[in-house]
Participant: 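Quick one: structure below, then a few questions.
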Amino acid sequence: MRSESNVEVGRQKQILHFGNGDEPQGLDPTIVTGIPEWHIIQALFEGLVAKDPATLEIRPGVAESWTISGDQKIYTFRLRREARWSDGDPVTAGDFVFTWKRALIPTLGNPYAYMFNCIRGAKTFFEGRNPDFGQVGVKALDDRTLQVELETPTPYFLQLLDHHSYYPVQKKTIEKFGAVDEPNMRWTRPENIVGNGPFTLKEWILNRVVIVEKNPLYWDAARVKLWQIYFYPIPNASTEERMFRAQQLHVTDRVPADKLAVYRENDPDSLHVTPYLGTYFYRLNSNVKPLDDVRVRRALAMSIDRRQLVEKIAKGGQQPAYTLTPPNTAGYTSYAKLPHDAQKAQELLAEAGYPGGRGFPRLELMYNTDELHRKVATAIQQMWKKSLNIDITLLSQDWKVFMDRETHLHYQMSRGSWIGDYLDPTTFLDMFIAGSGNNRTGWSNPRYDELLKQATRTGDREERYALLRAAEAILVEEAPIIPLYTYTQMRLISTDLRGWDHNVLDQHPFKYLYLEAPREAERKIERH
Amino acid sequence: MFEFVLKRVLQAIPVLWIVITVAFLFVHAAPGGPFSQERAVPPEVLKALNERYKLDQPLLIQYSDYLRNLARGDLGPSFKYPGRTVSEIILAGMPVTFELGFYALLVALAVGIGAGILAATRPNTMRDYLPMSLAMVGICLPTYVLGPLLVLFFGIRLEWLPVSGWGYLPGDKILPSMTLGLAYAAYVARLCRGGMLEILSQDFIRTARAKGLPETTVIYKHALRGGLQPVVSFLGPALAGLLGGSFVIETLFQIPGLGRYYVQAAFNRDYTLVLGTTIFFSTLILVFNLLADIATVWLNPRLRQEDGARA
């Protein structure tokens with residue numbers, strides 16, 4: 001009775017049906033911040049460089065080659081002659097200068113402006129302390145040559161170029177639909193948008209679907225095998241799972257927690273659980289008693305059994321975390337650790353004046369309303385009761401209330417998480433610099449800040465990582481946060497989908513993907 | 001009748017104004033703003049955004065600005081979706097929500113009235129107990145339970161119907177309309193049974209039966225009109241509930257209607273979208289209540305004579 005499924009039709013016509021989480025707020029690469037937007041923008045635009053999906057190594061994008069000066073501060077990019085906007089105009093070095101200048105105009109209100117801080121003069125321009133963009137280290141030497149001067153050697157700079165905030169936008173198109181500093185995103189409507197990626201925007205039906213189609217003008221179009229991609233905003237994980245089961249989707253955005261075991265048992269080929277560059281942790285407000293005492297914070301951290309947490313509660317393949325930066329982030333691993341040691345934790349608490357938990361005030365643990373957060377908090381509440389004999393109260397809050405209280409330090413303990421923007425430990429460690437908007441613990445340490453600052457000055461990787469490790473050790477030992485586990489990415493993926501490589505950034509360039517039915521023989525091997 | 005309608009319309013204006021004012025105060029009083037997010041927004045950016053949307057102005061100014069724009073029919077831009085106006089979002093979702101509500105109402109009336117008549121004509125027999133017990137279950141069973149059950153059975157097990165969508169695949173409107181409609185069918189059934197029982201015990205029905213009229217004529221020609229009165233008065237609130245309450249159905253079935261925005265906007269502190277959708281749904285409720293009142297008056301000859309006094 002039912003007509004042919006999306007998966008069947010998709011296989012014949014190379015149409016990918018992609019569960020994309022939520023409705024995109026907009027598609028202007030310079031302004032948006034969300035993951036759903038990121039996925040679509042990755043199809044529509046391309047930066048100077050791209051990443052290899054399997055190894056995350058840097059590959060050429062709009063730039064066909066580049067040179068880096070000896071002090072690692074000057075990057076000179078050679079743009080490829082074939083790089084075209086979807087209206088046929090060539091992509092020039094001037095387009096990048098225009099885009100990055102726009103990204104830094106304060107009145108545009110670009111939340112990702114800090115991504116440009118490594119470029120010489122970018123920060124002062126953005127903060128309005130220097131209104132002359134000529135002072136900022138971005139220059140078009142000619143149409144095909146772009147020179148970028150950095151503040152300090154930034155080993156992850158090339159990676160940043162593959163972040164959407166660095167993707168080029170076309171001046172002509174933006175000016176046609178409003179002032180340059182207007183975040184009105186009308187220019188990104190299907191009838192108006194001009195991009196430079198492997199796909200072009202075909203249709204955007206609010207709350208229903210965003211459809212992109214192969215861009216014949218893309219310089220690497222010969223490689224692109226998919227004809228269309230349908231991005232569906234599906235906020236409800238159970239609905240999405242049912243759509244997957246009914247063959248309406250090739251890829252889901254996530255997997256409902258209660259379905260993990262079912263898929264492990266019945267359909268392991270479709271279930272993909274892979275490491276993700278993100279950490280789940282608790283913030284402790286170091287301004288309030290008794291959390292201002294480092295011994296108390298350490299005691300709390302040491303009485304949590306992370307292994308039990310990931311195996312019994314989270315149950316999604318997550319790894320116990322003792323550091324903020326996930327292990328092996330671009331070759332960096334911190335070995336600092338406050339191990340699970342109830343005995344030591346009790347001693348610390350006694351030293352702090354609460355032997356056997358006596359006299360310890362009833363603290364409140366706040367989390368944003370979510371089933372998993374509640375379960376984790378409940379488990380930890382019990383662990384603390386058992387190991388330290390202290391009682392805490394759980395408080396579930398609406399997301400915006402939660403953020404408001406955390407930002408103003410109106411909390412005692414709160415749930416936090418961080419997903420890395422790029423593959424480098426600093427995307428995590430920068431959070432806890434004094435005065436960082438993402439710190440939100442009241443904690444700071446001049447030595448920590450100094451080590452991170454020193455690390456920006458050196459171009460040597462081992463020396464840099466040693467400084468970062470020393471900084472992270474301070475963070476772990478002083479415990480303004482309690483890392484709990486490293487995230488995993490969970491998706492249901494049709495066995496038809498090829499070219500999908502797993503990586504910790506969860507980036508999957510659509511130009512490498514295609515659809516093909518698994519051969520029978522292959523299927524049998526997979527089953528065994 | 002005209003006077004009655006006019007009076008009710010004029011009464012609606014202050015009601016709407018109070019709704020707008022209360023919603024405005026509440027949404028601004030809620031902690032957190034439209035731009036707070038996990039990745040801290042730099043203070044410069046926050047300042048620029050607040051200036052752009054005039055959130056740096058005193059609340060009273062914001063309020064009077066809002067009312068002034070509203071009088072011109074301008075609901076403002078959405079905060080969460082900066083490229084879209086609130087009117088645009090409402091216009092995009094409205095037809096879908098209306099259509100879903102309409103089909104659900106048809107389901108509710110067809111199933112509800114059928115079951116109600118069935119029960120009322122043989123009270124206190126199995127023909128009464130069975131549909132009324134089912135109706136009780138229907139009232140108790142929330143749509144977010146019923147919906148997935150229907151999907152699992154008809155969509156995934158039998159593969160008869162699509163599990164999601166709205167007008168993308170043939171038959172995908174059936175399950176959402178059923179899910180939303182059945183909950184209301186249960187209410188309709190109980191109201192219809194009650195109304196019918198009351199009418200069927202009246203003298204004119206006895207007279208009709210005594211005259212030897214066939215039972216079907218008695219029921220459908222004489223009793224139904226009066227027996228449906230409680231159902232008709234319920235229609236106004238029901239239709240408003242069907243439209244406003246479609247949030248769960250829209251999420252379950254991946255339907256691009258308005259209900260989802262209505263709820264999400266509040267979570268997102270999307271001030272203008274909260275107000276826009278609130279105004280939209282309040283107006284709907286006022287209109288439907290008015291229509292239901294008119295229908296009640298029209299159905300009941302006693303009220304029709306008194307309508308001047310009643311209004």
Side-chain angles (χ1 to χ4, degrees), chain A residues 1-3 6 23-28 31 33 106-114 126-128 181-189 205-209 232-236 238-240 242-243 245-246 248 397-405 407 416-418 421 436-440, chain B residues 30-52 77-78 80-84 88-89 92-93 96 147-148 151-152 155-156 158-166 168-171 250-258 260-261 264 266-269:
Chain A
M1 189 153 163
R2 195 159 65 193
S3 49
N6 281 347
E23 171 70 17
Q25 281 188 269
L27 292 176
D28 183 334
I31 303 172
T33 52
T107 48
L108 181 74
N110 169 18
Y112 262 132
Y114 68 85
F126 174 67
E127 288 168 357
D181 68 339
E182 203 178 327
N184 125 351
M185 303 196 195
R186 223 153 48 82
W187 74 270
T188 59
R189 299 289 174 92
I205 308 174
L206 198 63
N207 226 346
R208 178 169 157 176
V209 69
Y232 299 96
I234 313 173
N236 184 294
S238 302
T239 300
E240 187 181 49
R242 287 194 290 270
M243 289 173 73
R245 242 191 301 168
Q248 290 184 10
Q397 288 284 16
D398 156 67
W399 175 243
K400 291 282 184 176
V401 178
F402 172 90
M403 278 315 302
D404 191 63
R405 292 188 56 170
T407 307
S417 63
W418 191 257
D421 287 323
S436 153
N438 294 316
N439 184 320
R440 306 198 285 262
Chain B
F35 310 121
S36 58
Q37 53 172 42
E38 180 145 39
R39 267 174 174 55
V41 179
E44 294 85 4
V45 171
L46 202 57
K47 192 164 157 276
L49 289 172
N50 281 335
E51 276 170 18
R52 181 177 303 283
S78 159
K80 166 94 175 173
Y81 307 101
R84 308 217 177 239
E88 184 187 358
I89 292 174
V96 176
V151 168
L152 286 181
I156 290 176
L158 297 178
E159 297 199 9
W160 284 0
L161 294 166
V163 302
S164 74
W166 190 257
Y168 319 157
L169 296 167
E250 288 175 12
T251 308
L252 275 177
F253 290 97
Q254 199 49 30
I255 297 171
L258 256 188
R260 243 156 86 178
Y261 284 114
Q264 280 306 322
F267 286 132
N268 292 329
R269 305 290 187 271

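Protein chains get the first letters and strands the later ones, always in sequence-line order, with residue 1 at the start of each.
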Participant: Quick check for you: to the nearest 0.5 Å, what is the distance between A:Ile234 atom CD1 and B:Thr251 atom OG1?
Facilitator: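 Here the rounded value is 12.0 Å.
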Participant: Under the 3.5 angstrom rule, does the side chain of A:Lys400 hit a backbone N or O of B:Pro34 as a donor-acceptor pair?
Facilitator: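 Yes: the side chain of A:Lys400 pairs with the backbone of B:Pro34.
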Participant: Below 4.5 Å, heavy-atom pairs only: which of A:Ser436, A:Gly437, A:Pro111 has the largest tally toward chain B?
Facilitator: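 Option with the greatest count: A:Pro111.
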Participant: Identify, with sequence neighbours excluded, every residue that meets side-chain hydrogen bond (donor to acceptor under 3.5 Å, both in side chains) alongside A:Asn439.
Facilitator: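 A:Asn439 satisfies side-chain hydrogen bond (donor to acceptor under 3.5 Å, both in side chains) with A:Thr441 once adjacent residues are dropped.
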Participant: So for A:Leu27, is it side chain, backbone, both, or neither that comes closer than 4.5 Å to the heavy atoms of chain B?
Facilitator: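 Nothing of A:Leu27, per the 4.5 Å heavy-atom cut-off to chain B.
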Participant: Do the side chains of A:Phe126 and B:Val45 get nearer than 4.5 Å, heavy atoms only?
Facilitator: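 A side-chain contact exists here, since the closest heavy-atom pair is under 4.5 Å.
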Participant: Go through the atoms of A:Phe402 and report whether side chain, backbone, both or neither lie under 4.5 Å from a heavy atom of chain B.
Facilitator: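 Neither part.
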Participant: Tell me whether B:Phe267 at atom CZ has more than 12 heavy atoms from other residues, nucleotides or ligands lying less than 6.0 Å away.
Facilitator: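 Counting other residues, nucleotides and ligands, CZ of B:Phe267 stays at 12 neighbours or fewer.
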Participant: I'd like to know if B:Glu88 and A:Arg186 make a salt bridge, using a cut-off of under 4.0 Å between side-chain N and carboxylate O.
Facilitator: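 Result for this pair is no, no salt bridge flagged.
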Participant: Let me know if B:Pro42 has heavy atoms under 4.5 Å from chain A in its side chain, its backbone, both or neither.
Facilitator: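 Contact with chain A involves the side chain of B:Pro42 alone.
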Participant: Going by heavy atoms in the side chains, are A:Arg405 and B:Pro31 under 4.5 Å from each other?
Facilitator: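 No, their side chains stay 4.5 Å or more apart.
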Participant: Quick one: are B:Leu152 and A:Arg245 in side-chain contact, heavy atoms under 4.5 Å?
Facilitator: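 Yes, close enough: below the 4.5 Å cut-off.
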Participant: Is a side-chain N or O of A:Asn236 found less than 3.5 angstrom from the main chain of B:Leu252, in a donor-acceptor match?
Facilitator: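 Checked: no pair found.
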Participant: Please look at B:Arg84 and chain A and tell me whether the side chain, the backbone, both or neither of the residue comes under 4.5 angstrom of a heavy atom of that chain.
Facilitator: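 Both the backbone and the side chain of B:Arg84 come within 4.5 Å of chain A.
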Participant: Relative to chain B, which segment of A:Glu240 carries a heavy atom at a distance below 4.5 Å: side chain, backbone, both, or neither?
Facilitator: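 Nothing of A:Glu240, per the 4.5 Å heavy-atom cut-off to chain B.
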Participant: Using every non-hydrogen atom in the two residues, find where B:Arg269 and A:Asp398 come nearest and quote the distance to one decimal.
Facilitator: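 For B:Arg269 and A:Asp398, the tightest heavy-atom pair comes out as NH2-OD2, 2.6 Å.
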Participant: Under a 4.5 Å heavy-atom cut-off, does chain A meet the side chain of B:Phe35, its backbone, both or neither?
Facilitator: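 Answer is backbone: N, CA, C or O of B:Phe35 sit under 4.5 Å from chain A.
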Participant: Output yes when a side-chain donor or acceptor of A:Thr107 lies under 3.5 Å from a complementary backbone atom of B:Ala48, and no otherwise.
Facilitator: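 Judged by distance alone, no pair lies under 3.5 Å.
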Participant: In terms of heavy-atom pairs under 4.5 Å with chain B, which of A:Gly128, A:Pro233, A:Gly26, A:Gly416 leads?
Facilitator: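 Most heavy-atom pairs within the cutoff with chain B belong to A:Pro233.
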Participant: If you define the side chain from C-beta out and look only at heavy atoms, does anything of A:Val209 sit under 4.5 Å from B:Tyr168?
Facilitator: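 Of all side-chain heavy-atom pairs linking B:Tyr168 with A:Val209, none is under 4.5 Å.
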Participant: Looking only at heavy atoms, what is the nearest atom pair of B:Gln254 and A:Pro235, with distance?
Facilitator: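 Looking at all heavy atoms of both residues, the shortest contact is OE1-CD, 3.9 Å.
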Participant: In Å, rounded to the nearest 0.5 Å, how long is the span from CG of B:Leu169 to CG of A:Asn6?
Facilitator: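 Between B:Leu169 CG and A:Asn6 CG, I get 6.0 Å after rounding to 0.5 Å.
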Participant: Nearest 0.5 Å, please: how far is CZ in B:Arg260 from CD in A:Glu23?
Facilitator: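 Nearest 0.5 Å value for the CD-CZ distance: 8.0 Å.
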Participant: Check whether A:Thr407 gets within reach of chain B through its side chain, its backbone, both or neither, counting any heavy atom under 4.5 Å.
Facilitator: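 For A:Thr407, neither part sits under 4.5 Å from chain B.
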Participant: So, taking the atom named OG in B:Ser36 and the one named CE in A:Met403, what distance separates them when rounded to the nearest 0.5 Å?
Facilitator: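 Rounded to the nearest 0.5 Å, the OG-CE separation comes to 6.5 Å.
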Participant: Hey, what do you get for CZ (B:Phe253) to CZ (A:Arg242), rounding to the nearest 0.5 Å?
Facilitator: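 Spacing of CZ (B:Phe253) from CZ (A:Arg242) equals 7.0 Å.
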Participant: What's the spacing between B:Tyr81 OH and A:Leu206 CG if we round to 0.5 Å?
Facilitator: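 If I round to the nearest 0.5 Å, the distance is 7.5 Å.
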Participant: Do you know the tightest heavy-atom contact between A:Arg208 and B:Trp166?
Facilitator: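 Closest approach of A:Arg208 to B:Trp166: NH1-O, 4.2 Å.
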